[in-house]
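Structure first, commentary second.
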Number of protein chains: 2
Amino acid sequence: MDTREQILNAAWDLFAERGFEGVSVRDVTNAAGVNLASVSYHFGGKEGLIQETVKRCMNPINEYRIRLLREAIARHGSVEKVPLVELMTAFMRPVVMPEECGVRSGLMLRLLARYLIESDYAIPSASRNLYTEAFQAYARAFMVHYPGVAPVTLVKHMVFSAGSVMFYHGLGKVALQLSSGSREDTGEIDRDEMLKDVVEFAVRGFGGGKQ
Amino acid sequence: MDTREQILNAAWDLFAERGFEGVSVRDVTNAAGVNLASVSYHFGGKEGLIQETVKRCMNPINEYRIRLLREAIARHGSVEKVPLVELMTAFMRPVVMPEECGVRSGLMLRLLARYLIESDYAIPSASRNLYTEAFQAYARAFMVHYPGVAPVTLVKHMVFSAGSVMFYHGLGKVALQLSSGSREDTGEIDRDEMLKDVVEFAVRGFGGGKQ
DNA sequence: GTCAACATTAAACGACCGTATTAATCGGAC
DNA sequence: GTCCGATTAATACGGTCGTTTAATGTTGAC
């Protein structure tokens with residue numbers, strides 16, 4: 001019965017590492033130590049496995065986002081009392097620290113980025129409701145802080161903010177090498193610091209808020 | 001002789017549309033109306049075609065970036081006299097308006113995003129020097145506007161800015177649909193307006209500049 | 001013990017992949 | 001015209017792909 005689970009675990013790593021098209025069903029089943037036909041049996045085929053993998057990657061992120069927002073509101077009494085920085089941190093934290101919501105490793109971001117691009121940025125149907133719910137919840141919260149700003153402008157700012165945090169994983173490493181001039185790998189990025197930086201950047205980008 | 005060119009044109013569109021792994025050499029040669037073996041003959045194989053396609057996509061962007069910076073400096077006399085907004089616009093404009101530097105259509109961004117992710121964000125060697133040159137030129141220019149800010153912080157801000165503009169194409173459409181609540185396609189995004197928006201967002205994110 | 005439903009296995013299928021091979025064709029130089 | 005290198009064309013090859021099939025193993029209810 002845990003054949004299904006082993007397939008999902010193996011698929012996760014392999015898809016993130018080499019992409020959906022770069023991984024064969026045989027790769028997955030070999031890595032999982034199960035039979036080739038298991039994928040067809042449990043997921044109906046490769047496409048079904050991809051959908052299930054993306055769902056397992058995307059949903060916890062948005063659930064965590066919603067939870068962090070709810071907790072922040074509870075902590076401060078009401079939406080309008082949540083400081084802007086805290087709001088932005090709650091929005092971005094699940095992406096920078098995915099393992100806090102059970103999503104293993106930073107490969108998750110690559111998997112998600114791959115899928116979004118390859119599917120022409122179509123959110124998979126199994127995750128769309130949750131994604132929409134999270135996005136709209138934060139949109140409403142941001143509107144409270146910027147009552148004079150047009151909603152469409154706020155949405156743009158949210159997109160820009162999301163873009164900022166989505167690309168820091170990959171390009172961040174490259175850019176830091178460029179800036180130091182050296183090519184030696186400086187190891188892993190300090191994610192707490194990077195989260196703080198990107199939050200401050202986005203908060204300033206929004207316009208600072210009324211605070 | 002223009003067989004080579006026809007292959008590159010067809011490859012561009014197909015790779016951007018379906019990804020490198022999702023497009024076979026036969027797809028390319030059929031679309032180009034040339035023989036299957038032409039790819040091996042002119043590019044040494046599929047991988048060579050990919051490299052050449054990415055180079056044709058990436059280099060004009062960075063050349064345009066460098067040219068815009070040089071023109072802005074010439075216009076104002078020196079680097080420090082170029083307004084920050086103008087600097088940021090020069091940095092982002094080639095990505096939002098790629099056809100201004102001969103790069104056809106917005107598919108280019110998808111192609112580039114695909115390649116960066118699939119290659120683990122490794123800049124292809126045929127484009128690395130130009131990429132580095134452009135990046136460092138802008139880094140120096142930004143340093144002039146923020147003499148008190150640590151270079152590493154400026155680089156981070158540049159990465160965040162690049163992320164903002166890189167994702168607006170895909171996620172922008174999705175997000176605007178979400179915000180309007182409706183699912184009807186509102187057609188193409190106003191790119192002049194979006195460029196202005198993302199520039200203002202990034203300038204604020206940087207910290208507003210010295211002025 | 002028997003049966004049925006579920007799960008796993010090994011083997012095979014047809015389709016498509018990238019590449020190599022060989023032959024045919026072209027365009028100037030002489 | 002003749003020759004020759006450059007280019008294009010047709011075909012074949014070995015390999016891998018996703019999926020299917022048929023047989024086997026496993027489980028729990030009755």
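Every heavy atom of this structure was used, including side-chain atoms; hydrogens, water molecules and symmetry mates were not. Being a predicted model, the structure only gives us computed values, none of them experimental.
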Check the distance between D/dC17's C1' and A/Leu49's CG and give it to me in whole angstrom.
15 Å
So, is B/Thr3 close to the D/dT7 phosphate, meaning a side-chain N or O under 4.0 Å from OP1 or OP2?
no
Any donor-acceptor N or O pair under 3.5 Å, side chains A/Thr132, A/Asn129:
no
In whole angstroms, how far is the P atom of D/dA6 from the CG atom of B/Asp2?
19 Å
Expressed as a whole number of angstroms, how long is the span from A/Ile50:CD1 to D/dT19:C1'?
14 Å
Expressed in angstrom and rounded to an integer, what is the separation of A/Tyr41 atom OH from C/dT8 atom P?
7 Å
Axial bend angle, the helix from C/dG1-D/dC30 to C/dC30-D/dG1: five-pair end segments, nearest 10°
10°
Within the distance-only criterion (no hydrogens, no angle test), does the side chain of B/Arg191 pair as donor or acceptor with the backbone N or O of B/Val96 below 3.5 angstrom?
yes
Does any donor atom in the side chain of B/Thr3 or B/Ser38 lie under 3.5 Å from an acceptor atom in the other side chain?
no
Given 3.5 Å as the limit, does a donor-acceptor pair link the side chain of A/Lys55 with the main chain of A/Ile50, or not?
no
Would you mind reading off the distance between A/Phe43 atom CZ and C/dA7 atom P, rounded to a whole angstrom?
12 Å
Short side-chain N/O contact to D/dA6 OP1/OP2 from B/His42, under 4.0 Å
no
If we check ring-ring contact (aromatic ring centres under 6.0 Å, His included) with A/Phe206, which of these qualifies: A/Phe91, A/Tyr138, A/Tyr146?
A/Tyr146
For B/Asp2 and B/Glu5, indicate whether the former's side chain and the latter's backbone hold a donor-acceptor pair under 3.5 Å.
no
Strictly distance-based, threshold 3.5 Å: is any side-chain N or O of B/Thr29 a donor or acceptor partner for the main-chain N or O of B/Val25?
yes
If a protein heavy atom is under 4.0 Å from the base, mark B; if only from the sugar-phosphate, S; if neither, -; do that for nucleotides 15-22 of chain C going 5' to 3'.
--BBB---
Please list, pair by pair, any protein nitrogen or oxygen found under 3.5 Å from a nitrogen or oxygen in nucleotides 24-26 of chain D.
none

Separation of D/dT8 C1' from B/Ile7 CD1 (nearest whole Å)
10 Å
Over 60° means perpendicular and under 30° means parallel, so classify the ring planes of A/Phe15 and A/Phe20, tilted if in between.
tilted
